[in-house]
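All chains are named by letter (A, B, ...) in the order of the sequence lines, taking the proteins before the strands, and each is independently numbered beginning at 1.
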Protein chains: 4
Amino acid sequence: MSEPNVAADQLRLLIERIERLEEEKKGIGDDIKDVYLEAKATGYDAKIMRQIIRLRKMQPHDRQEMEAILQTYLAALGME
Amino acid sequence: MSEPNVAADQLRLLIERIERLEEEKKGIGDDIKDVYLEAKATGYDAKIMRQIIRLRKMQPHDRQEMEAILQTYLAALGME
Amino acid sequence: MSEPNVAADQLRLLIERIERLEEEKKGIGDDIKDVYLEAKATGYDAKIMRQIIRLRKMQPHDRQEMEAILQTYLAALGME
Amino acid sequence: MSEPNVAADQLRLLIERIERLEEEKKGIGDDIKDVYLEAKATGYDAKIMRQIIRLRKMQPHDRQEMEAILQTYLAALGME
DNA sequence: AAGCAAAAACCCCATC
DNA sequence: GATGGGGTTTTTGCTT
């Protein structure tokens, strides 16, 4: 048409961009799943691998949090 | 060392691959968030856009069925 | 000790009160889960029941408005 | 009516039970919020209190998990 | 408005 | 092959 519904197009474009990104994201999710399958085939347990990865991710953060807590514990108890 | 722990290397490699993929995945997640922000800035409602995307993902048949059940329940409750 | 740490006791008390309340809250959450299970056993769809409950919680006006926006978006995308 | 819609009644009853439970749950949530307000008025920081509570909740679980990981790490690397 | 915490949906697995 | 359960991710609502 000569007078396209601009707003509609705009919305559609945004949604299509999101859908494309979500597909990509899903693709990577599948890749991850494949690596787990490969690991499993090699004899590793996926559940344990997930734990390890979580631990590696958490460690810096958690140590920080733990420290923060300690500090604040003392402060809260008026022992600073 | 002259006798590297092959199993350890193998496991570490698998884990590092997964960690890299997860980073990528996170990056795309951030991109998606950006598009929603852009949409919001343009005046669109992110929450409803999410609904739309969910609906588009469903098979027409499933979508119809779900809608039908919803209507039935609403009717049963006098909410039509 | 002859000089108990009053501040520490106070903080501990507050925290214990919260922990007790959170337990209660969790208990009710479990009850809710049970009702959904019962509903499911009777043939109802839990997911749709949740939708219904969400709708009932909204003010009629808000619900109408949301529905209207959804329709507008669907129309814009040719999904009506 | 002399022939009530039994199914409708049944659904309504289930939903009303859930709604009542959710109200209770919300009430407790409000109580919790109140305790936090009280704590704040006494000079404690809610965010820090939340951290403490989370930590107290996590500790047993996390120590277990950590130990499990350690075991499995060794096992996975053939060092058991 | 931006991050954080709670709730909900989804997905995979194991089990019967 | 279905069915529940655990865990992960996604969404929503809240607080600052």
Side-chain angles (χ1 to χ4, degrees), chain A residues 18-19 21-22 25-26 28-30 32-37 39-40 45-55 57-58 61 65 68, chain B residues 18 21-22 25-26 28-41 45-55 57-58 62 66, chain C residues 18 21-26 28-41 43 45-55 57-58 62 66, chain D residues 18-19 21-23 25-26 28-34 36-37 39-40 45-55 57-58 61-62 64-65 68:
Chain A
I18 292 171
E19 286 174 338
L21 286 166
E22 281 186 352
K25 199 172 143 201
K26 191 189 178 315
I28 296 180
D30 290 344
I32 293 174
K33 206 178 301 175
D34 286 346
V35 181
Y36 277 117
L37 285 179
K40 187 178 182 181
D45 179 333
K47 190 174 175 180
I48 288 165
M49 288 177 66
R50 282 178 201 278
Q51 281 180 317
I52 293 174
I53 288 171
R54 208 184 319 144
L55 203 62
K57 208 181 303 182
M58 275 177 23
H61 171 270
E65 179 168 330
Chain B
I18 292 172
L21 286 166
E22 280 187 354
K25 198 172 145 201
K26 192 193 177 312
I28 296 181
D30 291 342
D31 290 348
I32 291 175
K33 209 179 297 176
D34 286 345
V35 181
Y36 276 117
L37 284 179
E38 189 185 326
K40 188 180 181 179
D45 180 325
K47 189 174 165 186
I48 297 182
M49 284 177 68
R50 283 178 201 278
Q51 273 191 59
I52 299 268
I53 288 174
R54 225 179 300 142
L55 288 174
K57 224 180 293 188
M58 292 179 73
D62 292 341
M66 185 172 169
Chain C
I18 292 172
L21 287 167
E22 279 187 354
E23 264 176 67
E24 278 185 60
K25 198 172 144 200
K26 191 192 176 318
I28 297 181
D30 290 343
D31 291 347
I32 292 175
K33 209 179 297 178
D34 286 345
V35 181
Y36 277 117
L37 284 178
E38 188 185 326
K40 187 180 180 179
D45 180 324
K47 189 176 165 187
I48 295 181
M49 285 177 68
R50 284 179 200 278
Q51 271 190 63
I52 299 266
I53 288 173
R54 227 178 299 143
L55 288 174
K57 222 178 295 184
M58 291 178 75
D62 293 341
M66 186 171 167
Chain D
I18 292 171
E19 285 174 339
L21 286 167
E22 279 186 354
E23 263 176 67
K25 197 172 142 200
K26 189 187 178 319
I28 296 181
D30 290 344
D31 290 348
I32 292 174
K33 209 179 298 177
D34 285 345
Y36 277 118
L37 284 179
K40 186 178 182 179
D45 179 333
K47 189 174 174 179
I48 288 165
M49 289 178 65
R50 282 178 201 280
Q51 281 181 318
I52 293 173
I53 289 172
R54 208 182 319 144
L55 204 61
K57 206 179 307 177
M58 277 179 19
H61 172 268
D62 238 31
Q64 262 183 329
E65 178 168 332

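- If you measure from atom NE2 of D:H61 to atom P of F:dG7, you get 7 Å, rounded to the nearest angstrom.
- The CG-C1' distance, from B:D45 to E:dA1, rounds to 15 Å in whole Å.
- For F:dT8, neither phosphate oxygen OP1 nor OP2 lies less than 4.0 angstrom from any side-chain nitrogen or oxygen of A:R50.
- B:K40 comes within 4.0 angstrom of nothing in the nucleic acid, heavy atoms only.
- Expressed to the nearest 0.5 Å, how far CG of D:L21 lies from CD of D:E19 amounts to 10.5 Å.
- Residues D:D62 and A:M58 are in side-chain contact: their nearest non-hydrogen atoms beyond the backbone lie under 4.5 Å apart.
- Distances were taken from every side-chain heavy atom of C:K25 (C-beta onward) to each of E:dA6, E:dA8, E:dC12; the shortest belongs to E:dA6.
- The side-chain heavy atoms of C:K25 and C:I28, taken from C-beta on, include no pair separated by under 4.5 Å.
- Two residues are said to be in side-chain contact when any heavy atoms from C-beta on lie closer than 4.5 Å; D:Q51 and D:I48 meet this criterion.
- The distance from atom CG of A:D30 to atom P of F:dT8 is 18 Å, rounded to the nearest whole Å.
- Residue contacts shown for C:K47 are limited to sugar-phosphate atoms, with no base heavy atom under 4.0 Å away.
- Whole-Å rounding puts the A:K33 NZ to E:dC12 P distance at 4 Å.
- A distance of 8.5 Å separates CD1 in D:I32 from CD1 in D:I53, rounded to the nearest 0.5 Å.
- Rounded to whole Å, atom C1' of E:dC12 lies 15 Å from atom CD1 of A:I32.
- If you take NZ of A:K57 and C1' of F:dT8, they are 10 Å apart, rounded to a whole angstrom.
- DNA chain F is contacted by both B:E22 and C:L37; C:L37 maps to the nucleotide lying nearer its 5′ end (nearest heavy atom per residue).
- Rounded to an integer number of Å, the gap from CD1 of C:I28 to P of E:dA6 is 16 Å.
- Considering only side-chain N and O atoms, D:R54 lies under 4.0 angstrom from the phosphate OP1 or OP2 of E:dA5.
- Atoms OH (D:Y36) and P (E:dA5) sit 10 Å apart, rounded to a whole Å.
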